[in-house]
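First the proteins, then the strands, lettered A, B, ... as listed; each starts at 1.
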There are 2 protein chains.
Amino acid sequence: MRKMILPDIDDVALSQVLYALSDPVRLDVVRTLARDGEASCSVLDGGRPKSSMSHHFRVLRESGLVRTRHEGPSHMNELRRDDLDRRFPGLLDAVLAAGDAGPARRDG
Amino acid sequence: MRKMILPDIDDVALSQVLYALSDPVRLDVVRTLARDGEASCSVLDGGRPKSSMSHHFRVLRESGLVRTRHEGPSHMNELRRDDLDRRFPGLLDAVLAAGDAGPARRDG
DNA sequence: TTGATAGTTCGATAATAATCGAACATTGAT
DNA sequence: ATCAATGTTCGATTATTATCGAACTATCAA
């Protein structure tokens with residue numbers, strides 16, 4: 001396995017973070033991490049194939065949203081809250097405050 | 001021309017807004033509108049083809065970010081700040097506070 | 001070493017989106 | 001009606017991304 005990516009938060013572009021967060025699967029991962037503190041990849045996969053999730057975790061890492069550390073055979077993920085709050089103040093809070101990702105109304 | 005799209009802000013999903021903002025061209029339009037209040041499409045095109053910009057404006061409208069009104073032959077665009085601030089409190093502020101879209105560091 | 005578990009990487013495919021020229025529509029002026 | 005200006009829509013192309021099986025890597029236990 002190649003070295004884990006952990007970009008300097010100052011090298012991350014806003015567009016990059018917004019893009020990473022714009023995918024419902026990844027947004028759901030971020031929400032869960034915000035609520036639960038940290039979790040392994042398998043806990044967060046929602047039944048999706050490992051290869052699909054591995055892709056999403058890579059996007060989350062490259063965009064500075066998530067840090068992954070190796071803990072035995074599993075990988076524990078956590079939000080880079082401090083880094084993000086410093087680099088993009090209020091952004092993560094606003095995203096997490098938005099509740100679920102779907103429309104606020106169920107019907108018209 | 002078909003009727004202008006102006007979705008109820010409650011029908012807009014967070015993912016949708018984040019996606020719309022994740023494109024540098026569209027993010028730049030949003031920044032300009034936040035600074036200047038309103039502007040026509042041609043003022044905001046940055047030299048790009050009209051058809052490309054028309055696509056971006058449609059994405060911005062469909063995601064609830066921008067409202068377009070017809071003013072003579074030109075179309076004036078403005079941010080839906082109040083709607084957005086109510087639906088996603090703090091989000092637009094955080095995005096606009098982030099300064100330019102690129103990495104914070106020019107070099108390493 | 002063998003096996004089980006947890007993720008990554010690779011490769012192929014399908015889906016989505018960006019780009020942009022050309023044709024069309026709308027407005028306002030002459 | 002004709003013309004110029006402003007955008008939209010259409011259609012085709014290209015580029016990016018999501019998805020996922022299969023092969024591979026790493027870790028731990030027996």
Tell me whether the OP1 or OP2 atom of [N] has a side-chain N or O from [X] closer than 4.0 Å.
X       : N      : answer
B:Ser40 : D:dG7  : yes
B:Tyr19 : D:dT17 : no
B:Arg26 : C:dA17 : no
B:His56 : C:dT19 : yes
B:Ser42 : D:dA5  : no
A:Ser54 : C:dT8  : yes
B:Arg48 : D:dG7  : no
B:Ser52 : C:dC20 : yes
A:His55 : D:dT19 : no

Whole angstrom value for the distance that separates [atom2] of [N] from [atom1] of [X]:
X       : N      : atom1 : atom2 : value
B:Arg69 : C:dT27 : CZ    : C1'   : 15 Å
B:Asp45 : C:dT19 : CG    : P     : 13 Å
A:Asp23 : C:dT16 : CG    : C1'   : 12 Å
A:Leu21 : D:dA18 : CG    : P     : 13 Å
B:Glu62 : C:dA17 : CD    : P     : 10 Å
A:Met53 : D:dT19 : CE    : P     : 9 Å
B:Leu60 : D:dG7  : CG    : P     : 15 Å
A:Phe57 : C:dG7  : CZ    : C1'   : 10 Å

Is there a donor-acceptor pair closer than 3.5 Å between any side-chain N or O of [X] and the backbone N or O of [Y]?
X       : Y       : value
A:Ser54 : A:Ser51 : no
B:Asp45 : B:Gly47 : yes
B:Arg61 : B:Thr68 : no

Worksheet item: Do you know the tightest heavy-atom contact between A:Ala20 and A:Val59?
Response: CB-CG1, 3.9 Å
Choose from [options] the nucleotide whose nearest atom is closest to any side-chain atom of [X].
X       : options                : value
A:Pro73 : C:dG7, D:dA18, C:dA6   : C:dA6
A:Pro49 : C:dC20, D:dC20, C:dA18 : D:dC20
A:His75 : C:dT8, D:dA18, D:dG7   : C:dT8
A:Cys41 : D:dG21, C:dA18, C:dG7  : C:dG7

Discussion item. Within this structure, what is the CG-CD1 distance for the pair A:Leu84 and A:Ile9, rounded to the nearest 0.5 Å?
Written reply: 4.5 Å
Practice prompt. Indicate yes or no: at least one non-hydrogen side-chain atom of A:Met53 is less than 4.5 angstrom from one of A:Cys41.
Written response: no
Worksheet item: Between A:Lys50 and A:Val25, who's closer to the 5' end of DNA chain D by nearest nucleotide?
Response: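 Looking at DNA chain D, the more 5' nearest nucleotide goes with A:Val25.
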